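In what follows, a structure is listed as structure tokens, so that the remarks can point back to it.
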Amino acid sequence: MVFLPLLLAVNGALAAVPLVDFDRMGKVGLAGAFAGLDIYSNPPISFDPSTSTIFTRSSSGALTRLAATNSGGRINAACAINNIIYLAGTFTSINDVQANNVVSYSVQDSKFSSLGSGGPNGEVDTAFCDSKDSKVWVGGRFSQPGSAVAIWDTKAASWSKAPFGGLNGAQGRVSSITTNSTGSSLFFAGSFISSFGNGSAILNGTNNPNVPFSAGATPFSSSLVPIPLEGAQIQGSPSSVDPQFDNIESILCPSGSDGPGNTWFGADNTGSTITIRKFSFIAANGVRLGNTFQANHGTTGFVVTTIPDNTVQTLTYVDPTSGQNMSCSNPCPLSTDSSIPYQDFLFPSTLSITGVQIELSQFTGVAPGLHILQLLSSGAFASAIDADNSISCFAPNPSNTTRTGDWTAKVANTNIAGTVQTVLVSSVAAGTTPASGPSFTWMPYVSAAGQYNINLLVPGCTNFQDCDQRTSVQVTVFPGNGISPWSRPVTQTNTEDASTLIYSGPILPSSPDFVTTITMTLADNAANGPGPFEIVADRVQLILTSADVGSTSSSSSGAANVTISPNSGFGFLEWPLNSSGSPNADGILPESALTTADKLGSELLSAMGVASLAASTNTTLSAVVSHPSGIFVGGNFVVPSGPSNVLEFSNGALSSLAQGGLNGPVTSIVLVGDQLFVGGAFNDTASSSTSGQLRGIARYDIQQKSWNGLGGGVNGPVTSLNYADGQVQIAGTFTSAFSTTSASPGSALPVAGLATWDIASASWTNSGGFVIGQLTLVANATQSLQIVAGQVSASERFGASGMVFLQNGDSSGPQVSPLGIPLANAPNTSPASNVQRRSHVARTIGHSQLKFRSLIPRQSSTPTLPTPPSAPAPAVLAGAFWTNTTSSVQVTIIGGNFSFGQEAFNGVAIYNPDTSTARPLQGPQVNGTVHSLLVEGSTLYVGGQFTIQSLSVNGLAIYDLAKDTWDVSGLQALQAISGETVFVRSISQSTSKPNMIIVAGSFSQAGSLACEGICSFDSQSRQWNALGNGIQGEVASVAYAGNDQELLIASGAISLSSSGTANVAQYNIANATWVALGSSSELPGPVTAVEVNAGNASSIFAAGRSNDGSFLSFWDGATWATIDAGLQPESTVSQLSMVPLQNTHAGNSIIQADRVLMVSGSLSDSNFGTASSALFDGQTLIPYIVSESLSGNPGMVASLFRSFATFSFNQRHFLATGVVILISIAIAAGVVFLLALIGILWTLFSRRDDKVAKIDPVDDDDDESAHHRPSSLLEHINAATRTTILGTSAFGNYNPEHEEEKISRNPSPEPDPFGPGPDASHYVRADTPSDAVGGMLGEEASRPARARYSFHASGEGELSMTVGSELEILDDKDTNWWYARDARTGREGVVPASYVY
């Protein structure tokens, strides 16, 4: 027979997606190998991991993409006032909206807006929304509009600095803004110095008065002391031949104005390069260049390259015209305005270099030239080598040193050509005390007051070859009058060069009356041991972090008087929201502003000394929460002999949490009752008391004072925590959460960047959405929305470990409810697919246009089934529903390639969607993969590729759900085909023979019975039986046809002894015969999925793969026609399922208007790209569901399963309520009138003959209504009339035993001339009075019941039932026969009332 394909037509626009009626199928589940899933959208959403993507997260956890930042952007914080969400971080745009670091989003308008001008000019780390005052407080690392803190007034739509000015010192950064327990104050935490007091110590906040003013410099850059370049190699080439302008050194510190002897020119008509080599490492922060304004000379552009790294630097500077901060690289502009004597260009950070090369690449006139050239230091400096302490340009005096004891110079081998490293060392004998040992004091010249970090540079002992002599020193810093000295020990045993922070805070400028000193002595007990020892003096480096130049008072020199107090704190400040004052936290806060909580900062500073700041430049407080017992603080800090990274402040004192805190930084804390949930980069307590079980996340019980893990934690750092609806959301850089404390591979749950911990069940739960990336934020926004953000590479709206529930939704698609528990990897997982997603367009197939196509010759031998789609763990491949008759609770049973629970149960789970909990099958676990499930009563059949330890099973097992135990007694194991393994792909049963379980797949025999590929199992006798003469090959899928499912349709790689290769074959259960559907040439290859359209044996669909690729074919009862659906060769169809619709499509000769064919698997199409499920309406293949795996590759849908075994495709249409009421009244009135008329007539006829004996209903043989159920409206009326006239029940003589005997004599029902009813039950509901009236009133009231006896339906409209089966009684008005629905199958009909309880 010829091959008859359907002609393809492409529809450029996406066809309307049909509305599948999932509710008509009962409870519906969708299973597969996916981690995220969504309803198809066109065009598909793409993600750029270089940006920060922003999502909203609904109360169910579903993620919806809002926007993305510019490349390199980052979202750190979010909060909301009313329906306006404010997002903060570091970015310049959100989608197409230009916004710097803070932006607003209107939930109502779905619109982003920038927040005016004058906002934060640096990264924002935290945001707090004060709804009462309609203000948004933000904190971070910025200088405008205030230092580290800024306020957005939503009413005035303007930015302002904080009432206290800002926060400086240390890193000058605010990482957290929260409220106290009453909401009356704000807590600021971070890395800064707060000072309180009413002292009058004066900081001369001036820049060096000898430095001329320039609009091209800032107070900060003007405070940086230039590095002396005496002794450095300085070259300018090519240089001018004019002797008055050829000396390059004349511009290092010019003694006069721009002109001869004070200016340098390059050679005419070419660019020039200036090279400065110091031959030792220096700490430089930038360059200062002053242009020449001599005629026909001047530089307009230059490039700076540092030595020895040979890196072209990106410089920042102030535009002298606009005053705006700018950046440049190649080239940088130099002003030719003669009113700008010089400009300062700063490096991105302080660099350790040996020199610079400045290329004057652009010039005006005939040649480039300069009047000023200086290298700017990090702030100030002092060297132990006197020759390096020469006077700096514009400085009144140089840095200086003093020493006691014997010190000698020592030169290191740096292994860098032309670079030397010279230090001073002093040898110390064993037993020397600090008081009797040597000392060294540096006195750096400090140009201006400000906040400084002071580093002690300690050369590595390897280069000096003195590691065995090194020891520890004590360093003391005297920063200025009125400021307490800081002292700390510093080890000098480092093998490589080290820079150790020894002080962070305010520094007084050098003056005739004061100079900052740094003194180094031998540490206590440092000389214990055999000796001798050696201490090393190199350099001290002062890094300016903030220039303290104010405007409280000034002198003619520009000095500013700022007061400072020794009552300082680190990293914490409380600010009452009702405060009316306006103190200046940049300087000194008055004592009146000091609160009890502010003692936290001062106690912390006092407890740490300088130790915690010296341990890391990242020392900070990151999170603060307030509890009735005290304030809990987390961050990156270590207090000597005290808490690490987390502490409690209560009763005016600091205290450690249990076990000394945590062994790594804390980034986030949320408080839930008396439980602290702490996230960060740690894995244990500070004392290692949990053996590494606190991976990234921990719970601290405040009352019990104990640490506990959340399962086994996560496998990466946590950046953000949030609490909502009894769950803690965790965001960060991780891919797995562990269900057990051992963190074994089997307990690893896939949670790429976003995880959720359910507090009530103390377990990980489904986060709702799916995302792959490094998340930076999860935060509550509005009452119903959260914000999630981070660097994302893939995402889907719904996250699920291989299974979701589907219900009818709105016009946009179904309601999706993900599996409430995360599933973990199982052993022997398969690799992920590498199919790439493409653009999505629907494909239309014109069913009326047909054409012929040549066929690929079929092989003479039976082919094998193609490799199934990749199903990497965790994957759910099969599902079934079961109602527990004891508890009446319906549960979902899932099987596949996964594990779950702390004990890592494998393969099968019994899931309760009401409680979102799962339990395993008791006893030994499945060792392998489950591919098929069937529930019959309380018996569960499990099929796949597996064995079970201690049980003699292979690919098939039986479990008693009621007794909760394996029940394999009498089950003979399946035997594999030679060289292969048993693979049970399908387990099913026919309603025509309920005790016959059909098992199909890849096997050769069952026990000793030869039944290759497909076999029947009698559930009562537990015996295997062959199906007729059997088949040869493998079966992939089974479906049923016929009014009572008496025809079995098997598909796969099949051959029949009578007709050869078939691939789709039909088995008649009644006469036990096989027949091939179509000839061997009509199907291109093995069939992986088959579906029958509503039992119609002349409407069958088959899908499979051939040598050419994938195919979809249609059987019309005579021939197969292949539908050219455009499926790519890599596509694999796992299941075909005919599903009903809520709406309709244009019906055609292939598929009726009220249904569509759901094609599921791993689909790839030349037009719509990839999908996991598509809908075929006979003309158009429409992408429906897309999914993704954990790796971001396309996922796979394995099966759609439902609780109703059968359902009707017919759509019910209801009349309007008013019309129904009128019809009901009319029917009722008619019935009453008819009954009255019949009663009158009966009375008249009965009195006509006085001899007529009294009627006895028992002897009325002419009316069988006394022995049969009412099966029509007329019989109901007749029965009711008889009751009225005779005063007795029309069915009073009904005898169940008599009925059972009668049924047994007539086992087969009469053929129904009207065909099956709308629910395929052979029962037309309108035949009963309750349906004729009540059916129009919508959903009937029902009550649950169970079958007392088994009953086999033999009459019209009857419903078969088995002992114990669960029913819903829909109509019990009749005494003897009740109208009921089978809760498992959804069938409806009448049953004997006495058979039900």
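All figures in this text were calculated on a predicted structure; none of them were measured in a lab.
Distance check: Asn1063 CG to Glu1034 CD gives 11.0 Å after rounding to the nearest 0.5 Å.
Contact detail for Gln890 and Lys27: the closest heavy-atom pair is OE1-CB, 3.9 Å. In plain terms, the two heavy atoms of Leu956 and Phe946 that are nearest each other are N-CZ, 3.8 Å. Here the closest non-hydrogen pair linking Asp1382 and Leu1359 is N-CD2, 4.0 Å. Residues Ile1151 and Gly1178 come closest through the heavy atom pair CD1-N, 3.6 Å.
Thr929 and Gln945 share no donor-acceptor pair across their side chains, judged by distance under 3.5 Å alone. A donor-acceptor contact closer than 3.5 angstrom is absent between the side chains of Asp1116 and Ser1098. For the residue pair Ser1173 and Ser1160, a side-chain donor N or O sits within less than 3.5 Å of a side-chain acceptor on the partner. Judged by distance alone, the side chains of Arg985 and Ser1037 never bring a donor and an acceptor atom under 3.5 Å apart. At a cut-off of 3.5 Å, with distance as the only test, a side-chain donor of Thr1122 or Ser1113 sits close to an acceptor on the other residue. Using a 3.5 Å distance cut-off with no hydrogens or angles, the side chains of Asp21 and Asn808 do pair a donor with an acceptor. Checking Thr1088 against Arg1105 by side-chain atom types alone, no donor-acceptor pair falls below 3.5 Å.
Ring centers of Tyr40 and Tyr1184: at least 6.0 Å apart, outside the cut-off. Aromatic rings of Phe881 and Phe1201 (six-membered ring for Trp) have centroids within the 6.0 Å cut-off, being under it.
A donor-acceptor pair under 3.5 Å links the side-chain atoms of Ser1365 to the main chain of Thr1362, judged by distance alone. With Glu1046 contributing its side chain and Ile1069 its backbone, the two residues share no donor-acceptor pair below 3.5 Å. When atom types are taken as modelled, the side chain of Glu1082 and the backbone of Gly1078 share no donor-acceptor pair closer than 3.5 angstrom. Judged by distance alone, with hydrogens and angles left aside, the side-chain atoms of Gln1128 form no donor-acceptor pair with the main-chain N or O of Ser1164 at under 3.5 Å. Judged by distance alone, with hydrogens and angles left aside, the side-chain atoms of Ser1019 form a donor-acceptor pair with the main-chain N or O of Asn995 at under 3.5 Å. Without hydrogens or angle criteria, Arg24 side chain to Asn1210 main chain gives a donor-acceptor distance under 3.5 Å. With Asp23 contributing its side chain and Gly26 its backbone, the two residues share no donor-acceptor pair below 3.5 Å. With Ser1106 contributing its side chain and Gly1085 its backbone, the two residues share no donor-acceptor pair below 3.5 Å. Of the possible donor and acceptor atoms, none in the side chain of Asn1068 sits under 3.5 Å from a partner among the backbone N and O of Thr1073. A donor-acceptor pair under 3.5 Å links the side-chain atoms of Asp1177 to the main chain of Thr1180, judged by distance alone.
Residue Asn1029 places its CG atom among 12 or fewer non-hydrogen atoms of other residues, nucleotides or ligands, all under 6.0 Å distant.
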Donor-acceptor pairs under 3.5 Å, side chain of residues 1133-1142 to any protein atom, not counting sequence neighbours: which ones?
| from | atom 1 | to | atom 2 | distance (Å) |
| --- | --- | --- | --- | --- |
| Gln1135 | OE1 | Leu1200 | N | 2.7 |
| Gln1135 | NE2 | Leu1200 | O | 3.2 |
| Gln1142 | NE2 | Val20 | O | 3.0 |

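Residues in residues 1062-1087 take part in these ring pair (Phe, Tyr, Trp, His ring centres under 6.0 Å) pairs, two or more places apart or across chains: Tyr1067-Trp1074.
Residues Leu1127 and Leu1181 form a side-chain contact, since some pair of their non-hydrogen atoms from C-beta on lies under 4.5 Å apart. Residues Val984 and Tyr941 fail the side-chain proximity criterion, which asks for heavy atoms closer than 4.5 Å. Between Ile893 and Val908 the shortest side-chain heavy-atom distance falls below 4.5 Å.
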